[in-house]
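Read through the structure below, which is laid out as C-alpha cells, and then see the notes.
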Amino acid sequence: MRILHTADWHIGKIVNEVSMLEDQEFFLNQLIEKLKILEVDVLIMAGDLYDRAFPPKEAVSLVNLVLTRLIHEVKIPVFIIAGNHDSNERVEYGASLFESSNLYIEGTVKEETRKVTVQGTNFYLLPFADHVYIRELLKDDSIKNLEDATKAQLNKIKQTMNKEETNIIIAHGFVINISDDSSETTDSERPLSIGTAEYVNVELFEDFDYVALGHLHKPQKVKHDRIRYSGSILKYSKSEAIQKKQVSLVTLEEGKVEIEPIYLKPLHDMRVIKGLFKELMNQKSDDYVFFELKDENYVMDAMNQLRRRFPNAMGLEYAAKKEEGQIYKKYDQKSLKEMPLEDLFSDFYQQFKQKELATNRKEIVESTLHEIGGRE
Ligand SMILES: [Mn+2]
C-alpha cells in the first residue's frame, strides 16, 4: 500500500495581506501531475483543507477544481478530514454523494468513527472537534479535555479493530510524546482549545500501523516514524521560512513502514533576509521576503523602496530595535507622569541610539522644552 500523506492545505490563506491562492493552485497542479507518476494507492489530506470556516469563493472554486481533477485524472481514493480551521458541516457538504466517486470527506465527528477499507487496508477518519462537542456526542461526562475526548474515540475504535489487519488513522490535533516532547510548532497554527490543554499523548495511537496527522506545519514524526505530521504544503508564516516543506510518501508492506519525503517547488519561496538596507537594494527577488535590517537608524520609506527590488516583500523589522522593544515596558504610567520630560527624552535617546545624550545636546533639549512650556 502506497499512500501520499498531505495536510494543512489552508486554501484561501492570506499571509501579511498577501493571498496565497495562486501559490496554492500552482502547488496543487504540480501535486496532481506528481501523483500521476508516483503510483500511489491513496491520497490523504489530514485536516485544514481551508484556512477559514467561511472560505472566500475563490478558495472554494480552487478546491472544487483540484478535487475534480484528482478524481477524474488520478483516479485514486482521496481521504479528507476537517481540521480546526474548517467548518465541519460545510466541509462535509455533498460527502455522501462523492463517496461513489472515491472521494471520502469526513467533516463532522460521528459516534462511530468512520472506517473505509481500500485493498484490505482500513482507514479511520477522525475529524477535529472540540472536547465539549465530543463529550455531548458520546454522552461521556468524564471527558474534560481534548486528550480525554480522543482517548474515548480511540477506545471505541479499538473495541472492533482487528489488529491482524493494517489499520491507518487520519487525525488532526496536537499529538506529543509526553516523555520526550520535541515537537516543533510555528506561528500559523491556531490553538486547538482555550483554557484546557490541547495536547494528546502519542501513546494513545500506538495500536495503529500508520497515523497520518495534520495540524503542525513542520513535517515531523512523533516518537515513531509511523506517527507523523506531513506538515503544511506551503510556508504560511515567517517562522516557517527556514523549513523545508514536503509531502510524505508512505509505503506499508508486511507490517513495515517506509517514509520518503517528496519535495515540490513552490511558486515563490518564503525567506528571511538580513542585512543593511544599502546591501539589500542591490539584490532582487520575487520570493516572499521578510527583511531584518541591520541598520542602526531608521531608513525613510524603506519598505516602499525595497518593494521595487522585491515586489513580494512581506515585512520589515530592524534587527537591533527588535531586542530593544522590551525596554520600553520598564516604566509604568505613574513613573512616566512623575519623571521630568528631559530625563525621559535622554532615556529614550539612550535606548534608541545606544549612546548617552551629549551635554551640548542635552542643553538644546532643555531649552526647547522650556520654550514650548515643558509639560503644559
Ligand atoms: Mn490545524
query: For Ser237 and Glu240, what are the C-alpha separation, side-chain angles and deciding distance, and is it a side chain to side chain donor-acceptor pair (under 3.5 Å)?
result: CA-CA 5 Å; Ser237 65; Glu240 292 165 65; 2.8 Å; yes

- request: Check the pair Thr166, Met1 against side chain to side chain contact (heavy atoms under 4.5 Å, CB included), reporting the backbone distance first and the verdict last.
  value: CA-CA 10 Å; Thr166 303; Met1 167 71 51; over 6 Å; no

Just by distance, no angles: are the side chains of [X] and [Y] close enough, under 3.5 Å, to form a donor-acceptor pair?
X: His10; Y: Asp48; result: yes
X: Asn201; Y: Tyr199; result: no
X: Thr251; Y: Glu253; result: no
X: Ser142; Y: Arg135; result: no
X: Asn312; Y: Asp286; result: no
X: Glu99; Y: Ser96; result: no
X: Thr108; Y: Lys110; result: yes
X: Arg309; Y: Asn282; result: no
X: Tyr50; Y: Arg90; result: no
X: Thr117; Y: Asn122; result: yes

Membership question, hydrophobic clusters at under 4.5 Å side-chain separation (ILVMFWY): are [Y] and [X] in the same one?
X: Phe290; Y: Tyr318; value: no
X: Leu264; Y: Leu43; value: yes
X: Val250; Y: Ile169; value: no
X: Val60; Y: Phe27; value: yes
X: Leu4; Y: Leu234; value: yes

field: Lys274 to Phe291, cation-pi by 6.0 Å centre distance and 45° axis angle
entry: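 Pair Lys274/Phe291 does not count as cation-pi.
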
message: By the definition side-chain contact (heavy atoms from CB on, under 4.5 Å), identify the one residue from Lys245, His172, Met45 that meets it with Asp8.
response: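 The single option meeting the side-chain contact (heavy atoms from CB on, under 4.5 Å) with Asp8 is His172.
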
task: Identify the residue among Val116, Leu125, Thr121, Val42 that makes a side-chain contact (heavy atoms from CB on, under 4.5 Å) with Ile168.
output: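 Of all the options given, the one that passes is Thr121.
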
Looking at [Y] and [X], is any side-chain nitrogen of the basic one under 4.0 Å from a carboxylate oxygen of the acidic one?
X: Lys294; Y: Glu279; value: no
X: Arg2; Y: Glu39; value: no
X: Glu198; Y: Arg190; value: no
X: Lys218; Y: Glu189; value: no
X: Arg226; Y: Glu258; value: no

task: Give the C-alpha distance, both sets of side-chain angles, the deciding distance and a yes or no for side chain to side chain contact (heavy atoms under 4.5 Å, CB included) between Leu31 and Trp9.
output: CA-CA 12 Å; Leu31 182 74; Trp9 289 10; 4.3 Å; yes

Taking [Y]'s backbone N and O only, do any of them form a donor-acceptor pair with [X]'s side chain (distance below 3.5 Å, no angle check)?
X: Tyr229; Y: Val175; answer: yes
X: Asn145; Y: Ile143; answer: no
X: Asn162; Y: Glu164; answer: yes

message: So for atom NZ, which belongs to Lys156, do other residues, nucleotides or ligands contribute more than 12 heavy atoms lying within a distance under 6.0 Å?
response: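 Check passes, neighbour count above 12.
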
Would you say the side chain of [Y] lies within less than 4.5 Å of the side chain of [X], judging by non-hydrogen atoms?
X: Lys13; Y: Ser232; value: no
X: Leu62; Y: Gln24; value: yes
X: Ile170; Y: Leu126; value: no

message: So that I know where these two stand, are Tyr210 and His5 an aromatic pair - ring centroids less than 6.0 Å apart?
response: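 For Tyr210 and His5, the ring centres are under 6.0 Å apart.
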
- request: Please name the pair of heavy atoms, one in Asn167 and one in Glu165, separated by the smallest distance, quoted to 0.1 Å.
  value: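 Closest approach of Asn167 to Glu165: ND2-O, 3.3 Å.
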
- request: Check step by step if side chain to side chain contact (heavy atoms under 4.5 Å, CB included) holds for Ile3 and Phe123.
  value: CA-CA 11 Å; Ile3 299 160; Phe123 291 83; 4.0 Å; yes

task: Determine the interplanar angle of the Tyr288 and His268 rings, folded into 0 to 90°, and report it as parallel if under 30°, tilted if 30 to 60°, perpendicular if over 60°.
output: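 Rings of Tyr288 and His268: tilted, 30 to 60°.
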
